[in-house]
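As structure tokens, the structure follows; a few thoughts come after it.
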Amino acid sequence: MIIVKLPDDSSVEYDEATPLRVAQDISPRLADAAVAAEVDGEIVDLNRELTDGEHTVKILTSSDEQALEILRHTTAHILAQAVRRLYGPKVQYTIGPALNDDFQYGFYYDFDLPEPISAEDLPKIEDEMRKIVGENIPIARSELPIDRARARFTEAGQDYKAEMIDDLARDEGVSSVSLYEQGDFLDMCRGPHLPSTGKVKVFKLLTTAGAYWRGDENNKMLTRIYGIAFFDKKALASHLERIEEAKKRDHRVLGRQLGLFIISDSVGPGLPLWMPKGTIIRMELEGWLRSELLKRGYQAVITPHIGRVDLYRTSGHYPYYEHGLYPAMEVDENQSYLLKPMNCPHHIQIYKATPHSYRDLPMRLSEFGTVYRLEQSGELSGLIRVRGFTQDDAHIFCTPEQLEAEIESCVELTKLVLETLGLDNYRVRIGLRDPDSEKYIGNSENWDLAEENIRQVVKKVGMKYTEEPGEAAFYGPKIDFVVKDCIGREWQLGTIQVDYNLPERFDLEYIGADNTAHRPVMIHRAPLGSPERFIGILIEHFAGAFPLWLAPVQVAVLPVSEKFNDYAAEVISAGKAAGLRMETDESADKIGAKIRRAATQKVPYIFVVGQREVEADTVSVRKRGAGEVGAVALEEAIDKLKAERESKGAEEAFTEESNS
RNA sequence: GCCGACCUGGCUCAACGGUAGAGCGCGGCUUUCGUAAAGCCGAGGUUCUGGGUUCGAAUCCCAGGGUCGGCUCCA
């Protein structure tokens, strides 16, 4: 006897039942809309036989959150079946999951194909998928002992699946696996899936890519096909539109359109050149951060861009990270130099240059230090992944007792930076060492200590965080602030790293109250991470429409005709006296064209000036995003903009509230 | 680095075996204009580089460089 309890607390009795049968009994429409079922809290196929006893059953339809994942997972299987049909039995299909959090893609499937394919082949594959959908093939689940499952896949020539079964048996001790079959297509899969291929309606294949088997670069590279699926056409259309919109925000596109930076082939890949307008943004940001550092007792230093190879041998960067460095410069046989990949060894030399008492600590040395790393060519991406970049770096040398307060202060500064800029879509990651990896230096007591220091502070501050083994720096664990770009890729911005190791390697000391030498602890920290990457993210975050304090041109003063160029010049000198960045447009274009040009450049404010303004000593203000504000006395307009600039966007001029 | 695609005036693109075109931008002229594109004229290209195939290559082939989508990596 099966007793089915439904969400409305009613219950039904059956001798034999599947969730589909339950749905049919509720209403044929529900059965038709059903995607899967939640039975006793577990999501299962609609065709799963219910066992004797009492079960709570909830029928899931397209409106349930989990439904999309099931749809996409089933679509991935249809993709694999289509590829198998088109490219023959030599096709090996490996894994094909649904993606939940990805901005662009809904699922993928990785194939080992007998011939290479490209995006041009996708329409053909989509057609085949549509045929499979049209055939409305039932999808059946079965469970087989691993040896029999393995035999079936080996027979079918699916060596990757056989390998996966072996691994499951060995690593997780499973004795049976679930298989899904739709017609001639057999896959190993946890499920659940839709009851038949005909349930899939709206999908699109988006791109092909290479992907290493099991994510290991020593393995064979497979062909990955990415796609997306929805329950209705509108959702697909708006998804595609969203991707298009995001691409318009791409900092590489906006960087060129707004004249912020370029990357020149002649200079080299991954080596950005800052144009005048981009440089303004950088200088504003850096200047602000400098003033915040001064408030917090940092001292500024300047160090060279190169250093002896031996310096990096001591630090441990060389030779362990030799592959990530530009090759050494041989000056003569006994002297070779590296472009610095990090600033820490240089700052350490400054610390070492003088003896230190515990009374001097913490010593906080800061520098916008440019470093060079020979990133793999395929990794480079606009400003976000480069080979030459600056770190808003500082190294804090302190006593173990001071450490947690210093970490906390760094966390507070990083939060201030992100909050001031409205970058609230970040997550906090504690990067720990991977105990199985060889790449970390130093003893494990120090690592345990440092990891514990970090946990304590993060808990105290009350931030939500995840702990991720293997994400530590090679010399110590860290707190990273990770922000998403406009197409959903995550990038590490601010970072705070605790380091007991480099002080040891460089034999750093201070004299304690007991008049004996002690080892200081170091913190490496960069609230922006890197101005390059940070501004890349900011360009996308603001879609190029920077807040007033950062905007390269803050006001465009546009004369209605050339007759008013002189007045425009007067307005500009008044603005310049107030430290505002203003530009005019003396072209022979009509005012509409001038406005369009300034608006396209995302200038926050436009002052239109003509006969009326000359006579009344006013400007006609137009605000980005809000349109025409109207005539305002010149002096008043400037004062309001000064206030907005000083507030870093917290207060906006010429909003309805600020005018009333 | 690996898989795939791509590389044409400053920018975005067209021409796809018969020695390059458009729009924007740029320069000049006309217009002197009131809130997102006035009109006319003009300059500007060894079609990424180097080889090859061909009577003939932007177009086909090979190699190199670069970019993009991913993978791997990311001190």
Side-chain angles (χ1 to χ4, degrees), chain A residues 102 104-105 108 110 113 116-122 206-226 247 250 252-253 256-257 259 262-266 268-270 312 315-318 320-321 323-325 340-345 371 373-382 384-387 391 431 439-441 471-476 478 487 489 491-492 495 497 499 502 524 533 558-565 588-600 606-613 620-623 627-631:
Chain A
D102 197 273
Q104 303 189 64
Y105 307 127
Y108 67 81
D110 283 350
L113 295 171
I117 65 160
S118 70
E120 286 168 22
D121 301 300
L122 296 181
L206 295 169
T207 190
T208 62
Y212 297 108
W213 166 236
R214 301 232 145 134
D216 184 337
E217 64 181 321
N218 299 313
N219 289 340
K220 184 165 185 186
M221 181 153 273
L222 307 172
T223 303
R224 175 171 297 182
I225 299 175
Y226 280 103
K247 284 184 179 158
D250 189 318
R252 292 165 296 196
V253 175
R256 176 167 280 292
Q257 281 171 0
I262 54 161
I263 292 173
S264 156
D265 275 12
S266 307
Y312 298 99
S315 72
H317 294 107
Y318 193 89
Y320 299 114
Y321 290 91
H323 66 275
L325 305 174
K340 66 176 170 185
M342 305 186 88
N343 302 302
C344 11
V371 298
R373 302 174 185 178
L374 191 62
E375 303 290 356
Q376 294 187 57
S377 59
E379 288 314 318
L380 303 175
S381 177
I384 289 183
R385 191 78 187 271
V386 290
R387 286 181 171 167
Q391 295 177 315
K439 77 172 202 180
Y440 304 99
I441 60 171
E471 289 291 329
F474 76 94
Y475 46 73
K478 56 184 187 170
I487 49 177
R489 294 174 295 198
W491 298 97
Q492 176 194 316
T495 183
Q497 309 173 350
D499 180 4
L502 291 184
H524 312 239
R533 176 176 288 181
L558 305 181
V560 165
S561 81
E562 288 173 14
K563 282 190 276 187
F564 308 105
N565 284 355
D589 287 314
K590 290 188 176 178
I591 189 65
K594 294 184 184 182
I595 288 170
R596 182 185 151 79
R597 198 174 305 134
T600 309
I606 292 170
F607 290 174
V608 174
V609 295
Q611 190 60 39
R612 297 198 293 268
E613 287 73 23
S620 174
V621 176
R622 193 186 162 94
K623 183 181 167 74
E628 210 172 330
V629 172

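Note that these values count all heavy atoms, side chains included, but never hydrogens, waters or copies made by symmetry. This is a predicted model, so every value here is computed, not measured.
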A:Arg622 side chain near B:rA36 phosphate (N/O to OP1/OP2, under 4.0 Å): yes
Gap between atom CZ of A:Arg387 and atom CD of A:Gln376 - 0.5 Å precision: 9.0 Å
Atom-pair distance (CZ on A:Arg597; C1' on B:rG25), nearest Å: 10 Å
Touch class at under 4.0 angstrom, heavy-atom based, for A:Leu325 against every strand present: base
Whole angstrom value for the distance that separates P of B:rC29 from CG of A:Asp589: 14 Å
5' priority, RNA chain B, between A:Ile595 and A:Phe474 [closest heavy atom]: A:Ile595
Side-chain heavy atoms of A:Gln492 within contact of A:Lys478, under 4.5 Å: yes
Euclidean distance for P, B:rA58 against B:rG21 (whole angstrom): 13 Å
Minimum-distance nucleotide to A:His317 side chain [options: B:rG4, B:rG1, B:rA75]: B:rA75
For B:rA43, the Watson-Crick or wobble partner whose two distances fall under 3.5 Å: none
C1' atoms of B:rC60 and B:rC24, separation to the nearest Å: 33 Å
Protein-nucleotide distance (A:Leu380, atom CG; B:rC73, atom P), rounded to Å: 16 Å
Length of the CD-P vector between A:Glu562 and B:rU30, whole Å: 10 Å
Side chain proximity check, A:Arg622 to A:Leu558, heavy atoms < 4.5 angstrom: no
Separation of the P atoms in B:rG1 and B:rC55, to the nearest angstrom: 38 Å
Side-chain-base donor-acceptor pair under 3.5 Å for A:Gln104 and B:rG70: no
Close side-chain approach of A:Phe607 to A:Val621, heavy-atom, < 4.5 Å: yes
A:Asp265 CG - B:rG65 C1' separation (whole Å): 8 Å
Nearest-Å distance for atom pair CD/P, residues A:Gln257 and B:rG23: 20 Å
Sugar-phosphate, base or nothing in reach of A:Tyr226, heavy atoms under 4.0 Å: sugar-phosphate
Sugar-phosphate only, base, or nothing, as touched by A:Pro341 at under 4.0 Å among non-hydrogen atoms: base
Closest-nucleotide ordering on RNA chain B, the 5'-leading residue of A:Ala593 and A:Gln492: A:Ala593
Sugar-phosphate, base or nothing in reach of A:Ile591, heavy atoms under 4.0 Å: sugar-phosphate
A:Thr207 OG1 to A:Tyr226 OH distance, which is reported to the nearest 0.5 Å: 9.0 Å
Touch class at under 4.0 angstrom, heavy-atom based, for A:Arg224 against every strand present: sugar-phosphate
Distance in Å, A:Arg489 CZ paired with A:Ser381 OG, rounded so as to fall on 0.5 Å steps: 4.5 Å
Identity of whatever pairs with B:rU12 - Watson-Crick or G-U, under 3.5 angstrom: B:rA22
CD1-OH distance between A:Ile225 and A:Tyr108, expressed to the nearest 0.5 angstrom: 13.0 Å
Among B:rC74, B:rG69, B:rC6, the one nearest A:Glu120 by side-chain distance: B:rC6
Over all atoms of both residues, closest heavy-atom pair of A:Val386 and A:Gly270: CB-O, 3.3 Å
Rounded distance in Å - CD1 (A:Ile384) to P (B:rG69): 10 Å
Sugar-phosphate, base or nothing in reach of A:Ala211, heavy atoms under 4.0 Å: sugar-phosphate
Touch class at under 4.0 angstrom, heavy-atom based, for A:Tyr212 against every strand present: base
Partner nucleotide of B:rG4 by Watson-Crick or wobble geometry (both distances under 3.5 Å): B:rC68
Whole-Å P distance, B:rG18 and B:rG27: 36 Å
N or O in side chain of A:Arg252 less than 4.0 angstrom from B:rG69 OP1/OP2: yes
Nearest listed nucleotide, side chain of A:Met221, among B:rU35, B:rG70, B:rC74: B:rG70
Identity of whatever pairs with B:rA38 - Watson-Crick or G-U, under 3.5 angstrom: B:rU30
Nucleotide of B:rA38, B:rU67, B:rG70 approaching A:Lys590 most closely (side-chain heavy atoms): B:rA38
Touch class at under 4.0 angstrom, heavy-atom based, for A:Arg256 against every strand present: sugar-phosphate
Sugar-phosphate, base or nothing in reach of A:Gly378, heavy atoms under 4.0 Å: base
Sugar-phosphate only, base, or nothing, as touched by A:Tyr105 at under 4.0 Å among non-hydrogen atoms: sugar-phosphate
Touch class at under 4.0 angstrom, heavy-atom based, for A:Ala473 against every strand present: sugar-phosphate
Spacing between A:Arg596 atom CZ and B:rC24 atom C1', to the nearest angstrom: 10 Å
Nucleotide forming a Watson-Crick or wobble pair with B:rC60, both distances under 3.5 Å: B:rG52
Sugar-phosphate, base or nothing in reach of A:Arg489, heavy atoms under 4.0 Å: sugar-phosphate
A:Tyr475, nearest nucleotide to its side chain (from B:rG34, B:rA75, B:rA38): B:rA75
Pairwise C1' distance, B:rA43 and B:rG28 [rounded to whole Å]: 10 Å
Distance-only donor-acceptor test (3.5 Å): side chain A:Arg385, base B:rC73: yes
Distance (rounded to the nearest 0.5 Å) between A:Lys340 NZ and A:Tyr312 OH: 6.5 Å
Sugar-phosphate, base or nothing in reach of A:Ala598, heavy atoms under 4.0 Å: nothing
Residue A:Ala588, side-chain heavy atoms: nucleotide from B:rU31, B:rA5, B:rU35 that is nearest: B:rU31
Aromatic plane relationship, A:His524 with A:Tyr475 - under 30° parallel, 30 to 60° tilted, over 60° perpendicular: parallel
Closest to the A:Glu628 side chain, choosing from B:rU31, B:rC74, B:rU35: B:rU35
Sugar-phosphate, base or nothing in reach of A:Gly324, heavy atoms under 4.0 Å: base
Integer angstrom distance from the P of B:rG70 to that of B:rC16: 31 Å
C1' gap between B:rG17 and B:rC41, integer Å: 35 Å
Pairwise P distance, B:rC48 and B:rC40 [rounded to whole Å]: 32 Å
